[in-house]
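Notes follow the structure.
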Amino acid sequence: MIVVDSNVLAYLYLPGEHTADAEALLERDPEWTAPVLWRSEFRNILAGYLRRKTLTFDQACSLQSEAESLLAGQEFDVDSHAVLELVRDSDCSAYDCEFIALAAKLNTKLVTVDKKLLRAFPKRAVALAAG
């Protein structure tokens with residue numbers, strides 16, 4: 001089991017430079033988890049594609065549904081105190097710290113491409129390419 005951030009999910013569903021890495025990760029470790037926040041972040045990513053007209057509304061809805069199916073039963077609330085401690089001890093956003101807090105709660109790794117998270121939490125965050 002691993003925690004994935006919203007960008008890793010986006011790379012899985014939206015073709016780009018990290019798509020092959022996300023697909024390989026899913027093959028290696030198909031049990032992905034995320035804080036409930038991922039839904040809003042993923043919708044925001046899809047909103048950008050909608051506004052640039054690179055996805056239709058129906059495509060965006062379909063991708064959101066596919067991602068929700070992938071994470072069904074694997075979405076978790078995180079403790080606010082734990083998130084704020086991580087914020088206090090880093091320069092990362094509270095949003096990003098939710099993913100780290102969940103990884104700590106589940107005693108697993110967060111897979112991300114976020115350089116700030118990788119630097120701030122080297123024992124808990126691993127790069128997507130490294131899986």
Side-chain angles (χ1 to χ4, degrees):
M1 172 192 308
I2 54 172
V3 175
V4 294
D5 71 12
S6 302
N7 287 321
V8 171
L9 281 161
Y11 296 135
L12 182 65
Y13 291 106
L14 299 161
E17 66 177 303
H18 298 291
T19 298
D21 292 331
E23 291 170 343
L25 177 65
L26 184 61
E27 196 168 305
R28 277 193 317 275
D29 192 339
E31 193 175 351
W32 288 13
T33 64
V36 175
L37 170 70
W38 83 267
R39 288 176 177 247
S40 293
E41 289 191 339
F42 193 72
R43 284 189 293 258
N44 198 49
I45 292 166
L46 293 174
Y49 280 78
L50 279 170
R51 289 192 179 106
R52 290 188 300 275
K53 301 193 183 318
T54 52
L55 282 179
T56 66
F57 177 78
D58 289 340
Q59 288 171 321
C61 289
S62 178
L63 290 173
Q64 182 72 35
S65 181
E66 284 183 50
E68 288 175 7
S69 292
L70 176 69
L71 289 174
Q74 296 297 331
E75 301 168 87
F76 297 91
D77 289 319
V78 293
D79 178 68
S80 294
H81 188 266
V83 172
L84 291 172
E85 283 181 335
L86 293 165
V87 168
R88 177 195 64 203
D89 298 337
S90 73
D91 62 346
C92 297
S93 72
Y95 301 116
D96 288 341
C97 287
E98 285 202 27
F99 292 88
I100 292 291
L102 180 60
K105 175 182 177 179
L106 299 175
N107 194 30
T108 191
K109 300 289 185 180
L110 165 66
V111 180
T112 184
V113 295
D114 186 307
K115 289 178 177 33
K116 189 183 280 190
L117 279 170
L118 292 166
R119 276 191 311 271
F121 303 102
K123 293 179 180 169
R124 190 62 64 185
V126 295
L128 172 60

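Linking ILVMFWY side-chain heavy atoms closer than 4.5 Å, directly or via other members, places Val111 and Val113 in a single hydrophobic cluster. Hydrophobic clustering (ILVMFWY, side-chain heavy atoms < 4.5 Å, transitive): Val87 and Ile100 are in one cluster. A continuous path of Ile, Leu, Val, Met, Phe, Trp and Tyr side chains, each step under 4.5 Å between heavy atoms, connects Trp32 with Met1, placing both in one hydrophobic cluster. When the side chains of ILVMFWY residues are joined at heavy-atom separations under 4.5 Å, either directly or via intervening members, Leu110 and Leu71 end up in a single hydrophobic cluster.
Contact record, Val83 with Ala101: CG2-CB, 3.9 Å, taken as the closest heavy-atom pair. The shortest non-hydrogen separation linking Cys92 to Leu117 is SG-CD2, 3.9 Å. Looking at every heavy atom in both residues, Phe42 comes nearest to Ala67 through CE2-CB, 3.8 Å.
In this structure, Leu106 CG and Gln74 CD are separated by 8.5 Å, a value rounded to the nearest 0.5 Å. Rounding to the nearest 0.5 Å places CD of Glu85 at 4.5 Å from NE2 of His81. Remark: Lys105 NZ to Asn107 CG distance equals 13.0 Å, nearest 0.5 Å. Between the OH atom of Tyr95 and the CG atom of Asn44 there is a distance of 9.5 Å, given to the nearest 0.5 Å. Here the OH atom belonging to Tyr11 is positioned 8.0 Å from the CG atom belonging to Asp5, to the nearest 0.5 angstrom.
Side-chain contact between Leu37 and Phe99 is present, with at least one heavy-atom pair separated by less than 4.5 Å. Under the 4.5 Å side-chain criterion, counting only non-hydrogen atoms from C-beta, Leu102 is not in contact with Glu98. Counting heavy atoms from C-beta outward, Asp91 and Lys116 have side chains that approach closer than 4.5 Å. In this structure the side chain of Asp96 never reaches within 4.5 angstrom of the side chain of Leu86, judged on heavy atoms. Using a 4.5 Å cut-off on side-chain heavy atoms (C-beta onward), Leu14 and Tyr49 make contact. Looking only at side-chain heavy atoms (C-beta outward), Leu26 and Leu70 come within less than 4.5 Å of each other. Between Thr108 and Val3 the shortest side-chain heavy-atom distance falls below 4.5 Å.
For Phe76, the CZ atom is densely surrounded, since the number of other residues' heavy atoms within 6.0 Å is greater than 12. Under a cut-off of 6.0 angstrom, the local environment of CZ in Arg52 is crowded, with over 12 non-hydrogen atoms contributed by other residues, nucleotides or ligands. The number of heavy-atom neighbours closer than 6.0 Å to CG of Asp89, taken from other residues, nucleotides and ligands shown, is above 12.
Of the possible donor and acceptor atoms, one in the side chain of Thr33 sits under 3.5 Å from a partner among the backbone N and O of Ile2. Of the possible polar contacts, none joining the Lys109 side chain to the Val4 backbone as a donor-acceptor pair under 3.5 Å is found. No donor-acceptor pair under 3.5 Å is formed between the side chain of Ser6 and the backbone N or O of Arg39. Side chain of Ser65 to main chain of Cys61: no donor-acceptor pair is present (N/O by atom type, distance under 3.5 Å, no hydrogens or angles).
Considering Leu12, Leu9, Leu55, Asp58 in turn, Leu55 is the only one that fulfils the side chain to side chain contact (heavy atoms under 4.5 Å, CB included) rule with Leu63.
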